[in-house]
Amino acid sequence: QPPDAALATELVTGPVLIDNTPPRITGLMASAGRLSFSVSDEMSPIAACRFSVNAGPWQPLGPTDYIFDSREESFVTALRLPTGESSVAVWAADAQGNTTTTSTMVRP
């Protein structure tokens, strides 16, 4: 376009919050019969949680208040373990897609 026909524009927006911080899993307690822990995030609500026993399929978990709606959620579920030593892994994600994983060994 010639200079006298060229168009120009700009848009100024407000601040944009970028959340790259993964959630934290704390208080992980696993035993034959029960799994409990909490997940928290400084900036975003917790959006999903799963657990796995001995690298088996991931099992979805819901929070104790039945809704993912806050930056801190508690989880408790029945846990069926095979005989002998087992590994229990927990995965959690916040609303921005940041994830974290932790695990613990459960001994008979």
Side-chain angles (χ1 to χ4, degrees):
Q1 295 287 342
D4 60 338
L7 300 176
T9 187
E10 71 179 53
L11 174 65
V12 177
T13 65
V16 175
L17 179 63
I18 298 174
D19 177 7
N20 290 327
T21 308
R24 287 182 314 279
I25 299 170
T26 57
L28 179 59
M29 303 283 288
S31 63
R34 183 179 169 168
L35 174 66
S36 63
F37 57 94
S38 294
V39 179
S40 61
D41 190 274
E42 291 186 26
M43 300 180 80
S44 302
I46 305 305
C49 192
R50 302 175 185 140
F51 76 98
S52 172
V53 176
N54 293 333
W58 288 103
Q59 306 292 319
L61 278 176
T64 56
D65 66 358
Y66 303 105
I67 186 167
F68 287 103
D69 64 347
S70 67
R71 294 181 304 166
E72 184 168 349
E73 299 286 359
S74 297
F75 298 86
V76 176
T77 190
L79 184 61
R80 293 176 43 198
L81 297 174
T83 56
E85 188 174 76
S86 294
S87 173
V88 177
V90 174
W91 173 92
D94 67 17
Q96 298 302 311
N98 300 303
T99 63
T100 190
T101 307
T102 192
S103 63
T104 189
M105 294 300 292
V106 182
R107 291 172 177 82

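This is a predicted model, so every value here is computed, not measured. Computed from heavy atoms alone, side chains included, the values below leave out hydrogens, waters and symmetry copies.
Rounded to the nearest 0.5 Å, atoms CZ (R50) and OG1 (T101) are 10.0 Å apart. Taking CZ from R71 and OG from S44, the interatomic distance works out to 9.0 Å, rounded to the nearest 0.5 Å. Between the CG atom of N54 and the CG atom of L81 there is a distance of 7.5 Å, given to the nearest 0.5 Å. Interatomic distance, F51 CZ to L79 CG, rounded to the nearest 0.5 Å: 6.0 Å. Taken from CZ in F37 to CG in L61, the straight-line distance is 5.0 Å, to the nearest 0.5 Å. Atom OG of residue S40 and atom CZ of residue R24 lie 4.0 Å apart, to the nearest 0.5 angstrom.
Here the closest heavy-atom approach between residue A48 and residue W91 is recorded as CB-CZ3, 3.9 Å. Considering all non-hydrogen atoms of both residues, T21 and D41 come closest at O-OD2, 3.2 Å. The minimum heavy-atom distance between S38 and S74, with the atom names listed, is OG-OG, 3.6 Å. Closest non-hydrogen pair, V39 versus P23, comes out as CG1-CB, 3.7 Å. Listed here is the closest heavy atom pair of I46 and E73: CB-CG, 3.9 Å. Of all heavy-atom pairs between P22 and T99, the closest is CB-O, 3.4 Å.
Within the 3.5 Å criterion, the main-chain N or O of D19 finds a donor-acceptor partner in the side chain of N98. Side-chain atoms of S70 come within 3.5 Å of backbone atoms of E72 as a donor-acceptor pair (strictly under, hydrogens ignored).
Remark: P45 pairs with A95 by the side chain to side chain contact (heavy atoms under 4.5 Å, CB included) rule, at least two apart or across chains.
The same ILVMFWY cluster, assembled from side-chain heavy atoms under 4.5 Å apart, contains both F75 and V106.
Looking only at side-chain heavy atoms (C-beta outward), I25 and C49 stay at 4.5 Å or farther from each other. A 4.5 Å side-chain heavy-atom check between L28 and L35 finds at least one atom pair inside the cut-off.
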Inset, instruction - Verify side chain to side chain contact (heavy atoms under 4.5 Å, CB included) between V76 and R34, making sure each step is shown before the conclusion. - result: CA-CA 7 Å; V76 176; R34 183 179 169 168; 3.7 Å; yes
